[in-house]
Protein chains: 2
Amino acid sequence: MNIKEVARLAKVSTATVSRTINGSDKVTPETAERVRKAIETLKFYPNTNARALGSGRSSLYGLIISDITNPFFPELVKSFEDIAVQYGQEVLIANTNYDPHRMEVCVSRMLQRKVDGVAIMTSEIAEHLIDEFNSRKIPLAFLDNATPQKGISNILVDYAAGIDAAVDHLISLGHKTIGFIAGPMSLASARIRKRAFINALKRNNLKLDLQFVEQGNHRTDGGHEAMSRLLDHKAHPTAVIASNDMTAIGAMGAVFERGLHIPQDISIVGFDDIELSAFTQPALTTVRLSRQEIAKLAFRALYNTYQTGATKGAEYTIQPTLVIRKSTGPKPAGKH
Amino acid sequence: MNIKEVARLAKVSTATVSRTINGSDKVTPETAERVRKAIETLKFYPNTNARALGSGRSSLYGLIISDITNPFFPELVKSFEDIAVQYGQEVLIANTNYDPHRMEVCVSRMLQRKVDGVAIMTSEIAEHLIDEFNSRKIPLAFLDNATPQKGISNILVDYAAGIDAAVDHLISLGHKTIGFIAGPMSLASARIRKRAFINALKRNNLKLDLQFVEQGNHRTDGGHEAMSRLLDHKAHPTAVIASNDMTAIGAMGAVFERGLHIPQDISIVGFDDIELSAFTQPALTTVRLSRQEIAKLAFRALYNTYQTGATKGAEYTIQPTLVIRKSTGPKPAGKH
DNA sequence: ATAGACATTGTAAGCGCTTCCATTTATGAT
DNA sequence: ATCATAAATGGAAGCGCTTACAATGTCTAT
């Protein structure tokens, strides 16, 4: 079953069938109708591989993530696909599994499939791999690229604004001693969040006690351990901000283990607003980072760059927003 | 950059380059080495579209799911990809968004990309769409296909065994009045789970009180409401089994709202063991349904069928296993 | 030295589309 | 009626591979 058979049945040339499929305006409505009917009766599905090969356009956009089982990504993937579908494009997903070596495999897949653009939503990528895309003029869009390059689009997140909102919220609840559980310092975004926290304290004239800035790893276990250490201090903070939600969830577990209550004894704030966060007990107050917005901006940047052949990438900044749920409350009376 | 340039640089024909890429044994090691070096220096990536078109094999396997943001699926997707990679195959993911109409789009994508097989992990699919695959001899693998057909592989889940294990566990903890929150009756698997629950009670000579068999919807809100209704009974069950984890999580929220404690006042058991379940407070005891096993069996069935050209599909049964965490405990003293 | 068998490599015809260019047909101005 | 112009359609080359088949080279047995 191919375009030739359709052409035969519709009594037109293959060129006309192709034009009909692609919605060219150079086909009379009657001819188009005849072709469409032929396609229908033959149950013909145009071969994507042949189309891509013939046209030189794959209509495929790559999306490289760390790991689909990491709760941060599913919503991002879904949003990216939704917007791609709106533009009549398809999506190729690849995950690195946090392994720089696997990034090569991901890039290779993208290159072999001749994608029209790639969104890279995970940090580590070697310079020479970026070059592969550049030399082939394949548009790239990064999330949080620390060292932006000409021609590459970049989605920046205003982490500072998000952290500020969290700190302000806690201050408005009367908290004066606020702790922080940082993410891995190898991650640029984690470093920025930590710094933003320190700056926010300064801005509000709260004293910064470095023993209340603990180190986590953006996973639950790290959050659990860091919070345990925080609680070991006789005068521990009455509120703690975690660098991401998984950390916050781990931290909550540590609080419960000590027989303390959230938010009566201690308030917790996360970052990201993963789906899980609405279902913790109590529901987690967190700084929402809209994956939908990230996906939309990234896709549009890629699409526009590909279509216009632009040589310089776009740059966007996303504002996270505070989502107040049940894990934050007034500073407990009698505490400092 | 194409195979021709590689051939020129390596001073061989394109056929030899192709053979080298595909690991044919009809190439002298020295020649192969020369070709490989040429590929390396030219940074050549073979065009997947051309390969598929030329060979008639796409080496692509489709995976149709409901929605990647549904916590049941990410692990399934990951496992499916992992096993596919092991076999040197690629994966095309499509989601229906629970919309039968979107299923047509998914099928269309699969057909256009000429996939070598499709795993359908979501229920509703119209008969005529199945025919499209059958007539093209594209292997199919279903999860829980209620009406199995010749030529189609089927992964069955022994839901009854899972529910039995949950009931036995609760009985061993002393519970005598056990409630159940069912899933949507439109779902075959939900119907089976409910029936299995009723049978398990019978088998253990526990009296079945139909007012303790509530209706949920496999989402948190349904679980919440159903549990609220259950708790309205003055003599409510001391343990409740939910048809899936999302339901169980919603139910837990309802319990907390009444100021009751889990598992001291009431025990809760879920089904599926989604990632979230290990992080609820308390961690959810649940019946684990291994998505990894499902994915492996489905992929292997498809791959084998495609390779051998077999006309009859395989059938497998998966045994779920009880995962005991913290949401179940001894029947509260003084209760019936 | 020579024929036959076998291993390696090359030639070229597809695979199923898209699209440039040529051709045909319709339209309108003169 | 006639010709220029535009619109619709067709012919065919090409996209980058794979692979059947042909050609070449090597080696052994005679």
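Here is the naming used below: chain letters follow the sequence lines, and residue numbers restart at 1 for every chain.
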Open item on the list: Counting only side-chain nitrogens and oxygens, does Thr28(A) get under 4.0 Å of the OP1 or OP2 atom of dA7(D)?
Closed with: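 So the side chain of Thr28(A) is outside the cut-off, no N or O lying under 4.0 Å from OP1 or OP2 of dA7(D).
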
- [ ] Specify the residues of residues 45-52 of chain A, ordered by number, for which at least one heavy atom lies under 4.0 angstrom from an atom of DNA chain D.
- [x]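 None - not one residue of the stretch has a heavy atom sitting under 4.0 Å from the strand.
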
Open item on the list: Strictly under 4.0 angstrom, non-hydrogen atoms only: write out the protein contact profile of nucleotides 19-25 of chain D, one letter per nucleotide from the 5' end, B, S or -.
Closed with: BB-----

In this structure, how many angstroms lie between the [atom2] atom of [N] and the [atom1] atom of [X], rounded?
X: Lys26(A); N: dA6(D); atom1: NZ; atom2: C1'; answer: 10 Å
X: Glu30(B); N: dT8(C); atom1: CD; atom2: C1'; answer: 11 Å
X: Ile21(A); N: dT9(D); atom1: CD1; atom2: P; answer: 15 Å
X: Lys4(B); N: dC15(D); atom1: NZ; atom2: P; answer: 7 Å
X: Glu33(A); N: dA8(D); atom1: CD; atom2: P; answer: 16 Å
X: Asn2(B); N: dG14(D); atom1: CG; atom2: P; answer: 14 Å
X: Leu53(A); N: dT19(C); atom1: CG; atom2: C1'; answer: 13 Å
X: Glu5(B); N: dC17(D); atom1: CD; atom2: P; answer: 10 Å

Open item on the list: Please tell me whether Gln319(A) and Asp158(A) have a donor and an acceptor in their side chains that are separated by less than 3.5 angstrom.
Closed with: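 The criterion, which ignores hydrogens and geometry beyond distance, is satisfied for Asp158(A) and Gln319(A).
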
TODO: Scan Val17(A) against the nucleic acid and name what it touches under 4.0 Å (heavy atoms): base, sugar-phosphate only, or nothing.
DONE: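 Val17(A): no heavy atom of the nucleic acid under 4.0 Å.
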
